[in-house]
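A quick write-up on the structure given underneath.
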Amino acid sequence: LVVTRLAAGGSMVKAGDIIVQFDPQSQERVAFERRAEYEDFVAQLSRKEAEHAASRSADESALIQAKNAVGKARLEMLKNEMLAAILDQSADCIKVIGPDGTLDFMNRNGRCAMGIDDFALVAGKNWWDLWPAEAQPLIQGAIATARDGGNSRFEAFCPTAKGEPRWWDVSVAPLRDEHGELKGLISVSRDISGDIAARRLRETTAAEMRHRLQNAYALTSAIVLATA
């Protein structure tokens, strides 16, 4: 504050006399500066509160997203566990093949039928490499058909991992998500070794019967010609 007037020390004053007087412009300037400081502090406080609110909102949003992600992951885990449990009830060999043709999953009964004790030994390998060379073109063709959206079915020979001879009826189809995007392939293989053996027995029996009939016919013809 700037003093513009001050009564002399020891002087006589009466009521109404001015003892001290300050510069009003200086007072107004100081008041203005103090108000400006106050308003600046208020603005800073408002910004801090807004930043805090935004940060809290972002934190809450991130927390909600994290909870949703955890919930979705748990749901997917439960779905996968449930699906695996369902597939394990099938007596057939059910496999999930990646879009690139690698083996991603095989159900429990399938591993048993194929004589595979440790799935880790075959997981990630090209599916066709697990078949004999003569059957590999069938497998590769079925994969290509499924990639193009088609289904295929064939019969092929493939021994188990323990060398036991087996014939399989194999079907291959595409696996798509809810948006129609190809996520992989599914293959179901059924052991038809008994059916193949029975079929070959019937074919062998029929061939033998034809041969016997031909021999009987030839013998009968010879007898007829001999007695004519």
Side-chain angles (χ1 to χ4, degrees), residues 61-200:
S61 178
L63 179 60
I64 292 173
Q65 291 179 0
K67 287 182 177 179
N68 290 339
V70 170
K72 185 176 181 180
R74 182 174 182 275
L75 180 60
E76 289 297 324
M77 180 187 68
L78 293 176
K79 285 169 58 179
N80 290 336
E81 290 178 350
M82 184 178 296
L83 178 60
I86 293 173
L87 294 179
D88 280 341
Q89 302 307 309
S90 174
D92 297 331
C93 178
I94 301 178
K95 297 167 290 297
V96 175
I97 314 298
D100 58 351
T102 54
L103 184 61
D104 292 341
F105 169 84
M106 183 182 296
N107 67 332
R108 182 176 58 238
N109 288 333
R111 296 194 298 271
C112 181
M114 291 296 297
I116 298 174
D117 297 326
D118 186 1
F119 180 68
L121 298 176
V122 297
K125 291 187 176 181
N126 292 327
W127 183 33
W128 56 83
D129 287 338
L130 304 179
W131 290 76
E134 58 271 17
Q136 290 183 8
L138 284 174
I139 303 299
Q140 292 169 330
I143 291 174
T145 299
R147 283 174 180 162
D148 292 336
N151 300 339
S152 57
R153 185 172 179 177
F154 58 89
E155 293 179 358
F157 174 80
C158 183
T160 68
K162 298 180 179 179
E164 299 171 343
R166 290 286 188 275
W167 278 88
W168 306 93
D169 178 85
V170 184
S171 63
V172 183
L175 274 177
R176 301 185 181 278
D177 61 15
E178 63 272 18
H179 304 296
E181 183 179 351
L182 181 68
K183 290 300 183 181
L185 319 172
I186 185 168
S187 172
V188 179
S189 303
R190 178 170 296 178
D191 184 358
I192 57 169
S193 302
D195 296 339
I196 294 294
R199 184 192 306 168
R200 289 182 173 177

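What you see is a predicted model; the values in this text were computed from it and never measured. Index from 1, following the sequence.
- Counting all heavy atoms, side chain and backbone alike, Arg147 lies closest to Gly101 at NH2-N, 3.8 Å.
- Remark: Asp191 CG to Thr160 OG1 distance equals 10.0 Å, nearest 0.5 Å.
- Asp92 places no side-chain N or O within 3.5 Å of a backbone atom of Ile94 that could act as its donor or acceptor partner.
- A donor-acceptor pair under 3.5 Å is absent between the side-chain atoms of Asp148 and the main chain of Gly150, judged by distance alone.
- Partner of Asp117 under the salt bridge (charged side-chain N to carboxylate O under 4.0 Å, His left out) criterion, chosen from Arg111, Lys162, Arg108: Lys162.
- Shortest non-hydrogen contact noted between Ala161 and Ile116 is CB-CG1, 4.1 Å.
- With rounding to the nearest 0.5 Å, the separation of OG in Ser193 from CZ in Arg166 is 5.5 Å.
- The CG atom of Leu103 sits 5.0 Å away from the CD1 atom of Ile97 when rounded to the nearest 0.5 Å.
- Once rounded to the nearest 0.5 Å, the distance linking CG of Asn107 with CE of Met114 reads 11.5 Å.
- Residue Leu182 comes nearest to Pro174 through the heavy atom pair CD1-CB, 3.8 Å, listed as atom of the first residue, atom of the second, then distance.
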Exercise answer: donor-acceptor pairs, residues 129-141 side-chain atoms, under 3.5 Å, sequence neighbours excluded:
unit_1: Asp129; atom_1: OD2; unit_2: Asn126; atom_2: ND2; d: 3.4
unit_1: Gln136; atom_1: NE2; unit_2: Trp128; atom_2: O; d: 3.3
unit_1: Gln136; atom_1: NE2; unit_2: Trp131; atom_2: O; d: 3.1

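- When every heavy atom of Ala146 is checked against every heavy atom of Ala173, the shortest pair comes out as CB-C, 4.1 Å.
- Using modelled atom types, no side-chain atom of Arg153 and backbone atom of Asp169 make a donor-acceptor pair closer than 3.5 Å.
- Distance check, rounded to the nearest 0.5 Å: CD of Glu181 to CZ of Arg176 gives 9.5 Å.
- In this structure, Ile143 CD1 and Leu185 CG are separated by 6.5 Å, a value rounded to the nearest 0.5 Å.
- For Thr102 (side chain) and Lys125 (main-chain N/O), no donor-acceptor pair under 3.5 Å exists by modelled atom type.
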Step-by-step side-chain contact (heavy atoms from CB on, under 4.5 Å) determination, Asn151 to Ser171: CA-CA 7 Å; Asn151 300 339; Ser171 63; over 6 Å; no
